[in-house]
Amino acid sequence: MDISASDRELIAVMRQYFAAKAELESLKEQLEAARQASSAAIGVFYDPRQNAEHAADLQRSHRLKGEMASLMQRAEAWGRAALTADRRDRSEAEAEAEPEEWQSFERRADTLFGA
């Protein structure tokens, strides 16, 4: 099975997405365990301005969320492009399969006169 360059790019994007997601989930678990251990209020603990001890991890979690959103947008764009190409290929194949009497006059004229 041949994999196109576009498909390889999508696979790489999705690998990055799931790696970022796994890292974010792990980071969220660590942060929540630290919050519960400190008995800090949610609003205070998760505000990097008020929680200098975990500010770097909190900022990292925000960056990971942004990275995941960007990667998903790239994957969605790839999917839309592939869907558009599939629809175009399908409609061209259907048009070629139409009986001659169903084809438009212009298409028949183009065929007859080589345009």
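Count residues from 1 along the sequence. Because the structure is a prediction, the values reported are computed rather than measured.
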- Message: If you compare all heavy atoms of Pro48 against all heavy atoms of Ala55, which two are closest, and at what distance to 0.1 Å?
- Response: O-CB, 3.6 Å

- Query: Do the side chain of Thr84 and the main chain of Arg80 share a donor and acceptor less than 3.5 angstrom apart?
  - Reply: yes

- All side-chain contact (heavy atoms from CB on, under 4.5 Å) counterparts of Arg15, not counting sequence neighbours: Ile11

- Task: Output the distance between atom CG (Leu27) and atom NZ (Lys65), rounded to the nearest 0.5 Å.
- Result: 9.5 Å

- Contact check, side chains of Met14 and Phe18, non-hydrogen atoms, under 4.5 Å: yes

- Kindly compute the distance separating NE2 (His62) from CG (Leu24), expressed to the nearest 0.5 Å. 10.0 Å

- Item | Straight-line distance of Arg63 CZ to Glu23 CD, nearest 0.5 Å | 9.5 Å

Which donor-acceptor pairs under 3.5 Å do the side chains of residues 33-45 make with protein atoms, sequence neighbours left out?
from: Arg35; atom 1: NE; to: Glu32; atom 2: OE1; distance (Å): 3.1
from: Arg35; atom 1: NE; to: Glu32; atom 2: OE2; distance (Å): 3.1
from: Arg35; atom 1: NH1; to: Ala40; atom 2: O; distance (Å): 3.1
from: Arg35; atom 1: NH2; to: Glu32; atom 2: OE2; distance (Å): 2.7
from: Gln36; atom 1: NE2; to: Glu32; atom 2: OE2; distance (Å): 3.1
from: Ser38; atom 1: OG; to: Ala34; atom 2: O; distance (Å): 3.3
from: Ser38; atom 1: OG; to: Arg35; atom 2: O; distance (Å): 3.0
from: Ser38; atom 1: OG; to: Ala40; atom 2: N; distance (Å): 3.3

- Item | Spatial distance of atom CG (Leu71) from atom CD (Glu76) [nearest 0.5 Å] | 11.0 Å

- Query: Does Ser61 reach the main-chain N or O of Leu58 with its side chain, forming a donor-acceptor pair under 3.5 Å?
  - Reply: yes

- Do Glu9 and Arg74 pass the side chain to side chain contact (heavy atoms under 4.5 Å, CB included) test, and can you show the C-alpha distance, the side-chain angles, and the key distance before you say yes or no? CA-CA 10 Å; Glu9 181 182 343; Arg74 287 177 59 192; 3.6 Å; yes

